[in-house]
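Residue numbers count from 1 along this sequence.
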Amino acid sequence: MSSDINLKKGALQSAAYDTVLQICLRVVSFVLNAMVVRYIGPAVLAVCSVRLLLLYSTTLLLTREAFRRAALAAKEHQVNYKLVNLIWASLTTLLPVGCILSYVWRDVMDPPPQEVLAEPSHYPACLVIILLSCAVELFAEVPFILAELQLWTKTRVMIEGAMQVVRSICIAGVVVVVPHYAVIGYSISHLIGSCVYCLSYYLVFMKAFRDKTLVKTLPFQTIRQLLPSRGPGEIYPRVEQETLKVTRGFLLQCWLKELLTEGEWFLMNLLPLVSLAQQGTYQVVSNLGALGARLVLRSIEAAAYKFFAQTLHREQPLELQDKKKVREAAQFLELLLRHLSLISLVVLCFGYSYSHTLLQLYGGNTLSSEGTPLMRAQCLLLVFLALNGVTEAYTFAAMNHKQLHWHSSLLVVFSVAYLAGAAALTHLLGVVGFVWANCFNMALRIAHGWWFIERQYRPTELRPLRGLRLSASSVTACAAAFIITAISEAYVSSISVVLHVAVGGVTFVLVLYLLREELEDVYTSALSACDRLLLRVGAPGFGVDRGEGANYQGVHLSNCYLAKLHCVLYGKIRSDHKKR
């Protein structure tokens with residue numbers, strides 16, 4: 001297990017690597033969706049990227065998410081064979097969950113039209129193959145958890161990236177060579193990627209166990225210890241009891257989380273609200289609109305939960321815990337709330353005026369005319385997703401068992417309200433009603449999370465919710481950008497799309513400059529990441545000695561151009577570069 005000093009650094013690195021991975025995967029998905037729509041149409045895209053992917057994500061969330069969350073919160077003394085047994089127990093949930101879901105997908109949902117499938121028997125076969133791929137990934141859950149507890153973030157990113165690359169190559173080959181077998185090919189590609197994922201994790205630990213230096217830092221020393229086992233005198237394998245209690249608390253939450261996050265897809269497939277082709281269009285637009293959430297927010301939420309879970313003790317009041325750790329958690333939460341609320345506000349201001357332009361360039365007149373209101377609503381939803389993600393990352397890590405059960409009861413109420421609102425608003429507003437209902441759902445969850453945080457920190461002098469108080473200058477800059485881009489869309493875009501994009505680009509740069517003080521940590525981290533990347537590829541602008549560069553408050557920039565950019569932003573003249 002890593003020391004407390006490295007937890008925050010590990011969480012931030014995890015978010016950074018996750019973001020890079022998600023960007024690469026979204027680019028691949030972006031290209032694949034365009035290929036699928038061009039070669040075989042939106043109906044096939046809906047079957048693959050909506051229905052089959054929904055079965056895959058739902059199965060994994062219901063079978064492993066609760067065990068994974070509880071195991072990742074395990075303390076050092078809890079990482080033993082009992083924890084391994086508990087993680088393997090997730091595999092036993094696959095049979096009942098798989099049977100129920102396969103029945104729903106095959107007999108309750110409307111079958112795909114015949115023109116989508118090469119053979120009628122392909123659809124039931126696809127369901128079995130997707131469930132089999134989930135089983136394969138569950139076999140790799142123990143090495144995944146151990147790697148995460150060791151903060152092997154690069155390992156996870158590389159393995160998940162390899163899995164998705166293999167899947168994408170296989171899918172692209174099927175779509176181009178035999179497009180009429182696209183649906184069954186999509187399922188087989190998923191299974192191949194899952195096999196790569198599972199095999200890679202065990203190979204990583206086989207290599208780690210052969211390293212005599214590295215193996216001393218690990219809680220286990222052989223591959224056999226990663227399998228279920230019994231302790232001395234035990235008749236049957238025992239599990240870690242404290243972690244089991246946390247797992248039970250997460251079980252209902254995972255079911256409800258799936259209902260809340262994927263509820264619109266279940267409604268679309270279970271009720272005659274929209275056609276399969278409309279689902280494909282909605283999927284394309286929602287993927288573009290929620291690109292930021294998938295690229296950044298989920299990675300930040302996962303990294304933040306890991307940090308909070310390892311820093312705080314959920315069964316103790318804050319005033320009885322280590323004051324230094326509590327302060328670090330509060331400051332980290334305040335920082336995340338401030339940065340994410342500001343960044344999402346910037347996205348909303350520019351996204352409203354450039355939704356039509358983006359869809360026009362990507363899908364033509366049909367997509368832009370039908371999807372512009374949907375894309376604008378997605379930009380608003382991004383604000384709620386940003387605030388809810390970091391809020392729930394903290395609350396899930398800080399709530400005790402009773403509070404988790406109470407929160408689960410509230411999620412039942414939220415889910416009922418969301419589904420009822422989605423069904424009603426869809427009849428009134430069309431498919432955009434799903435997004436508005438989701439905004440309302442997220443607002444309820446955010447309000448409860450803020451209430452919990454405010455109440456928990458009331459006995460202390462810490463107030464992490466102050467991160468939500470944006471400065472007047474930041475709000476003014478965003479409002480001005482919204483007005484300028486809206487005017488450009490109304491009067492300039494009809495004359496020249498290029499000029500309209502240019503107006504947005506200049507305005508965006510100005511807003512970034514005006515927000516430089518509020519987002520100094522973000523800018524500095526981005527510049528440091530670019531500096532390391534440019535150094536690796538041998539880009540110009542580096543001194544002969546790699547130790548040369550600019551230093552300011554612990555930040556080192558070796559590239560003179562990046563250092564000068566930092567000087568332009570913050571007016572800090574670096575002595576190293578003045579000599580040059």
Side-chain angles (χ1 to χ4, degrees), residues 47-72 83-109 121-148 155-156 159-168 170-171 174 183-206 223-229 236-237 239 244 247 250-251 254-255 257-258 262 265:
V47 174
C48 296
S49 298
V50 176
R51 188 166 293 188
L52 294 180
L53 187 60
L54 182 62
L55 175 63
Y56 170 78
S57 62
T58 301
T59 302
L60 287 181
L61 188 141
L62 298 183
T63 54
R64 81 179 181 188
E65 186 69 15
F67 296 90
R68 175 176 287 189
R69 280 183 174 270
L72 288 175
L83 181 66
V84 171
N85 293 339
L86 178 63
I87 299 172
W88 276 104
S90 63
L91 193 62
T92 63
T93 63
L94 180 62
L95 181 60
V97 170
C99 291
I100 294 173
L101 293 182
S102 61
Y103 169 76
V104 173
W105 257 251
R106 187 186 61 185
D107 298 328
V108 178
M109 295 181 180
S121 60
H122 281 186
Y123 183 63
C126 289
L127 301 181
V128 175
I129 294 172
I130 291 296
L131 292 176
L132 184 59
S133 69
C134 295
V136 172
E137 291 190 30
L138 287 176
F139 272 95
E141 194 63 10
V142 171
F144 170 86
I145 295 295
L146 295 180
E148 287 297 288
T155 300
R156 173 170 55 82
I159 292 177
E160 291 184 359
M163 174 181 66
Q164 297 298 340
V165 167
V166 170
R167 285 177 176 172
S168 300
C170 293
I171 294 171
V174 171
V183 177
I184 190 71
Y186 178 88
S187 303
I188 296 175
S189 301
H190 255 269
L191 179 58
I192 295 173
S194 298
C195 293
V196 171
Y197 172 87
C198 181
L199 182 62
S200 298
Y201 263 111
Y202 281 102
L203 289 176
V204 165
F205 273 90
M206 290 175 63
I223 287 290
R224 178 66 184 84
Q225 292 178 299
L226 304 185
L227 302 177
S229 60
Y236 57 89
V239 298
L244 177 60
T247 304
F250 280 129
L251 276 175
C254 291
W255 286 73
K257 180 181 179 181
E258 177 67 10
E262 307 288 356
W265 300 112

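Residues S133 and I129 fail the side-chain proximity criterion, which asks for heavy atoms closer than 4.5 Å. A 4.5 Å side-chain heavy-atom check between V84 and S229 finds every atom pair outside the cut-off. Between L227 and V142 there is no side-chain heavy-atom pair separated by less than 4.5 Å.
Contact record, I145 with A71: CG2-CB, 3.8 Å, taken as the closest heavy-atom pair. Here the closest heavy-atom approach between residue V136 and residue S194 is recorded as CG1-O, 3.4 Å. Between I192 and C170, the shortest heavy-atom contact is CD1-SG, 4.2 Å. The two residues F67 and L86 make their nearest non-hydrogen contact at CD2-O, 3.3 Å. Residues E141 and I87 come closest through the heavy atom pair CG-CG2, 3.5 Å. The nearest pair of heavy atoms linking A140 to C198 is CB-CA, 3.7 Å.
Remark: aromatic rings of F205 and Y201 are distant, center separation not under 6.0 Å.
Atom-to-atom distance recorded for T63:OG1 and R68:CZ is 9.5 Å, nearest 0.5 angstrom. Considering CD of E65 and OG of S57, their distance stands at 11.0 Å, rounded to 0.5 Å. A distance of 5.0 Å separates OG in S90 from CG in L138, rounded to the nearest 0.5 Å. S187 contributes atom OG, which lies 10.0 Å from atom NE2 of H122 (distance to the nearest 0.5 angstrom). Here I130 contributes atom CD1 and L191 contributes atom CG; the two are 8.5 Å apart, rounded to the nearest 0.5 Å. Considering CG of L146 and OG1 of T155, their distance stands at 12.0 Å, rounded to 0.5 Å.
A ring pair (Phe, Tyr, Trp, His ring centres under 6.0 Å) with F139 holds for exactly one of W88, Y197, F144; it is W88. Of the candidates V50, L101, V104, L101 is the only one forming a side-chain contact (heavy atoms from CB on, under 4.5 Å) with L55.
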- Query: Can you list the steps and then say if L131 with T59 is a side chain to side chain contact (heavy atoms under 4.5 Å, CB included)?
  - Reply: CA-CA 7 Å; L131 292 176; T59 302; 3.6 Å; yes
- Stepwise side chain to side chain contact (heavy atoms under 4.5 Å, CB included) test for C48 and L53: CA-CA 6 Å; C48 296; L53 187 60; over 6 Å; no
- Task: Test Y186 against C126 for side chain to side chain contact (heavy atoms under 4.5 Å, CB included), laying out the working first.
- Result: CA-CA 8 Å; Y186 178 88; C126 289; over 6 Å; no
- Test log, rule side chain to side chain contact (heavy atoms under 4.5 Å, CB included), inputs L127 and L52: CA-CA 7 Å; L127 301 181; L52 294 180; 4.0 Å; yes
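For the pair R106 and Y123, the cation-pi criterion (under 6.0 Å, within 45° of the ring axis) is not fulfilled.
A salt bridge is defined here as a Lys NZ or Arg NE, NH1 or NH2 lying under 4.0 Å from an Asp or Glu carboxylate O, and R64 with E137 meets this definition.
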